[in-house]
Amino acid sequence: MADEKILRAVYETLESRRDNPSDSYTSKLMQDSDKKAEDKILEKIAEEAGEVILAAKNNENLVYESVDLMFFTLLNCVYKGISIDELFEEFERRHK
Ligand SMILES: N=c1c2ncn([C@@H]3O[C@H](COP(=O)(O)OP(=O)(O)OP(=O)(O)O)[C@@H](O)[C@H]3O)c2ncn1[C@@H]1O[C@H](COP(=O)(O)O)[C@@H](O)[C@H]1O
């Protein structure tokens with residue numbers, strides 16, 4: 001599934017982890033009390049953004065670090081109740 005379908009599959013998994021509390025990493029992250037969950041997710045975004053900058057500057061691991069940043073960005077959108085279609089529609093709206 002090495003195409004755009006993987007984004008939808010990951011997103012659906014994250015929505016399921018949000019809605020069905022379990023022991024998984026992402027589910028536990030989203031089940032924390034509201035402020036704690038939000039802070040942890042936003043901290044990960046800041047951390048991963050820094051890692052993308054270093055990877056780009058050093059010409060190494062840029063794919064890996066970019067996916068980490070995208071992953072936590074998507075996780076934040078799931079946590080905030082945004083649907084993946086809203087994200088696709090926004091890209092579509094901007095695309096010329
Ligand atoms: N794509 C990912 C993904 N990328 C990174 N991570 C996890 O995010 C965590 C933090 O990533 P880091 O790179 O910062 O790793 P770290 O240095 O150990 O970080 P710390 O948490 O210790 O700060 C690690 O435990 C990674 O395993 C991910 N965890 C899950 N997914 C996807 O999310 C879905 C749900 O995951 P689970 O909740 O684990 O079932 C999975 O099916 C995957 O598709």
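Counting starts at 1 for both ligands and their atoms, in listed order.
The nearest protein atom to atom 23 (O) of ligand 1, hydrogens excluded, is given as Lys44 NZ, 3.1 Å; this is a heavy-atom distance. In this structure, atom 4 (N) of ligand 1 lies nearest to the protein heavy atom Phe71 CD2, 3.6 Å. Protein heavy atom closest to atom 13 (O) of ligand 1, with residue, atom name and distance, is Asp68 OD2, 3.3 Å.
Of the protein's heavy atoms, none falls inside 4.0 Å of atom 16 (P) of ligand 1. Protein heavy atoms are found inside the 4.0 Å sphere centred on atom 44 (O) of ligand 1. At a distance under 4.0 Å, no protein heavy atom can be found next to atom 26 (C) of ligand 1. Protein heavy atoms come within 4.0 Å of atom 30 (C) of ligand 1.
Annotation: Thr13 places no N or O atom under 3.5 Å from an N or O atom of ligand 1; distance criterion only.
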Intermediate values then yes/no, salt bridge (Lys or Arg N to Asp or Glu O under 4.0 Å), Lys40 and Glu43 = CA-CA 5 Å; Lys40 278 193 187 167; Glu43 271 168 29; over 6 Å; no

Starting from the C-alpha separation in whole Å, work towards a yes-or-no answer on side-chain contact (heavy atoms from CB on, under 4.5 Å) for Leu87 and Cys77.
-> CA-CA 9 Å; Leu87 300 176; Cys77 289; 4.1 Å; yes

Begin from the C-alpha positions of Lys35 and Asp39 and carry the test salt bridge (Lys or Arg N to Asp or Glu O under 4.0 Å) through to its verdict.
-> CA-CA 6 Å; Lys35 176 145 184 4; Asp39 285 355; 2.7 Å; yes

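Residue Tyr25 touches ligand 1 through backbone and side chain together, judged by heavy-atom distances below 4.0 Å. The residue Val67 has no part lying near ligand 1, judged by heavy-atom distances below 4.0 Å. Within the 4.0 Å heavy-atom criterion, the part of Phe72 lying near ligand 1 is the side chain and not the backbone.
Here the straight-line distance linking atom OG of Ser27 with atom CZ of Arg18 works out to 11.0 Å at 0.5 Å rounding.
Under a hydrophobic clustering in which Ile, Leu, Val, Met, Phe, Trp and Tyr are joined whenever their side-chain heavy atoms come within less than 4.5 Å, directly or via other members, Phe72 and Leu54 fall into different clusters. Grouping the Ile, Leu, Val, Met, Phe, Trp and Tyr side chains by contacts below 4.5 angstrom, directly or via other members, places Val67 apart from Ile84. Residues Tyr11 and Ile6 are members of one and the same hydrophobic cluster, defined by side-chain heavy-atom contacts under 4.5 angstrom among Ile, Leu, Val, Met, Phe, Trp and Tyr.
Applying the 4.0 Å criterion to heavy atoms of Leu14 picks out, from ligand 1, the atoms 33 (O). Near Val10, meaning under 4.0 Å from one of its heavy atoms, ligand 1 places the atoms 44 (O). Counting the atoms of ligand 1 from 1 in the order shown, those under 4.0 Å from a heavy atom of Thr26 are 35 (C), 36 (O), 37 (P), 38 (O).
Ion pairing of Asp85 with Arg8 is present here, as a side-chain N (NZ or NE/NH1/NH2) and a carboxylate O approach within less than 4.0 Å. With respect to the salt-bridge test (charged N to carboxylate O, under 4.0 angstrom), the residues Arg94 and Glu90 qualify.
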